[in-house]
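Report on one structure; see the data block that follows.
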2 protein chains.
Amino acid sequence: MRMAAGPEAKPAPAAAPRGRGRRATRASGDDRERAILETAERLLEERPLAEISVDDLAKGAGISRPTFYFYFPSKDAVVLTIIDRLVADAAEGREEILTTLAENGPRAGLRKSLENLYAAFRSRPGVVRAGSDLRPTNGEARSLWAAVMEGWVADVTAVIEFERARGAAPAGPPAREMAIALVQMNERAQYATLLGEAPAIDRDHVLDVLIEIWLRAIYGTPEPG
Amino acid sequence: MRMAAGPEAKPAPAAAPRGRGRRATRASGDDRERAILETAERLLEERPLAEISVDDLAKGAGISRPTFYFYFPSKDAVVLTIIDRLVADAAEGREEILTTLAENGPRAGLRKSLENLYAAFRSRPGVVRAGSDLRPTNGEARSLWAAVMEGWVADVTAVIEFERARGAAPAGPPAREMAIALVQMNERAQYATLLGEAPAIDRDHVLDVLIEIWLRAIYGTPEPG
DNA sequence: GAACTCTATCAACACTGTGTCGAGCTCGTC
DNA sequence: GACGAGCTCGACACAGTGTTGATAGAGTTC
């Protein structure tokens, strides 16, 4: 299986490489590129990635299939471009989580951070699903998501360590491993809810439930009897 | 996209319908069917499902591609058969979780239940990955897994409600929604660890970390400062 | 022991989708 | 007015799926 996308190792003279799209240019065909991306976003909200062909994208953008390949090296590359942007959007409004927590207190601060984080995702479930669908077959999708997860894990690890250091949170498992579990829980639970999966937490409760578990996991010690 | 497998609505006279495999028979060709399943299991530990073709399965079982279709309606059907069995294996040794908890106490009981639960999965990571890879494109895989999750969620919901009723656990979010989040966390974290994903909890710590979070989530109340 | 049936087998086909090649069009500019 | 760069697509080669139809053998049944 060929690894999709990535600018060719061809000449590509001047002009900065612009993401996963066309081989460095600035001419008019930018419209086409945008049309392809918009078609993909639209179709992804209608049906899963596996049911969208390169031809669908080409037709949707008003070009032929071979012409599609002038703009993108594969269907995957289109989706990866869209995901890139989504992830960037999600990261954008994000403030330093430690600051948010300090300013608002644990519960409200956590809620603020997570609400902000998921805002971008909630509006494009189809894109989220596509990204998830891509991971099994596409190494680039895997490493992109891995990097995103790693970022969140690092943040949360810092929070846990900070709270433990100032005596607000009790000792427990290694902060990083707790952080991984919590971030993964959020990923999974939010995804299930967003895509309307089988057992899933109700849309209006997800954050409440997840936050409560985070707080208990980080600040609480069980005294089971 | 055709929905894979399922016994045909054809005549199929006597003989109980035997899962997703051949159209009801008992003749010699059982060997072939087994050979296909074994080939699939073997190849899945070598490479992902997407890189295994029907031809690979046929060749591996010493038959031609059309003959494969005599035994299974599709590649997906083969994988679903394997998953069915894996899930059955996993459910097999399982005892009533409430009993286990009552007998061993929360921490040890939970550990015992989860250890037992994951024993079957740990030995066949390739099959687990295949099941996961199948979900995006195969509705049957989705509902099979949904049913499995639903079973676990029901068990855990019962545990939480029981512990709350007897005063061992404090009130909190609806038991079922907590259960969903916790079960989903386990699914995701165990999967990441089993498949050696990017940020993942260390193999030797997963259960410890997950159990600690479960205990704190179920029995603990945070008093954040 | 001829006719009949039912399992099992595969060569050849039809189809869908991907990605490539090469020829050709349309500009701006030298 | 011709050269090159950006852009376009018809036609191809390929890989994979699922189907059809013909056939071989094994096991009744009369």
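The sequence lines fix the lettering, A, B, ..., with proteins before strands; numbering per chain opens at 1.
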Within the sub-3.5 Å range, which N or O atoms of nucleotides 13-18 of chain C have a protein N or O partner, and how far apart are they?
| residue | atom | partner | partner atom | Å |
| --- | --- | --- | --- | --- |
| C:dT18 | OP1 | A:V54 | N | 3.2 |
| C:dT18 | O4 | A:R65 | NH2 | 3.3 |

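- A search for salt bridge (charged side-chain N to carboxylate O under 4.0 Å, His left out) contacts involving A:E96 returns nothing, not counting sequence neighbours.
- Taking a cutoff of 4.0 Å between a charged side-chain nitrogen and a carboxylate oxygen, A:E150 and A:R176 qualify as a salt bridge.
- Across D:dC7, C:dA8, C:dC10, the shortest atom-to-atom separation from the side chain of B:I63 is found for C:dC10.
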Quiz item: Yes or no on side-chain contact (heavy atoms from CB on, under 4.5 Å) for B:I83 and B:W145, after CA distance, side-chain angles and deciding distance?
Solution: CA-CA 9 Å; B:I83 308 269; B:W145 191 246; 5.7 Å; no
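- Rounded to an integer number of Å, the gap from B:F68 CZ to D:dG16 P is 14 Å.
- Annotation: proximity of residues 40-49 of chain A to DNA chain D (heavy atom, distance under 4.0 Å) is found for no residue.
- For the OP1/OP2 pair of C:dT9 and a distance below 4.0 Å, the side-chain nitrogens and oxygens of B:S64 include no atom meeting the criterion.
- Spacing between atom CZ of A:R32 and atom C1' of D:dC9 amounts to 12 Å, rounded to whole angstrom units.
- Residue A:R85 qualifies as open at atom CZ: its count of foreign heavy atoms under 6.0 Å is 12 or below.
- Across A:L80, A:I82, A:T81, a single residue satisfies side-chain contact (heavy atoms from CB on, under 4.5 Å) together with A:V78, and that is A:I82.
- Counting to the nearest Å, the P atom of D:dC9 and the CG atom of A:L57 are 15 Å from each other.
- Taking atom CG of A:D76 as the reference point, atom C1' of C:dG19 lies 13 Å away to the nearest angstrom.
- OP1 or OP2 of D:dT8 has at least one side-chain nitrogen or oxygen of A:Y71 nearer than 4.0 Å.
- Taking the side chain of A:F70 as heavy atoms from C-beta on, and the options D:dG6, C:dA11, C:dT9, the nearest nucleotide is D:dG6.
- The only member of B:V209, B:D208, B:L215 that meets side-chain contact (heavy atoms from CB on, under 4.5 Å) when paired with B:I211 is B:L215.
- Residue A:D31 contributes atom CG, which lies 15 Å from atom C1' of D:dT8 at whole-angstrom precision.
- The two atoms that bring A:P199 and B:A146 nearest to each other are CG-O, 4.0 Å, heavy atoms only.
- No donor-acceptor contact under 3.5 angstrom links the side chains of A:W152 and A:N186, judged on distance only.
- The CD atom of B:E45 sits 9.5 Å away from the CZ atom of B:R129 when rounded to the nearest 0.5 Å.
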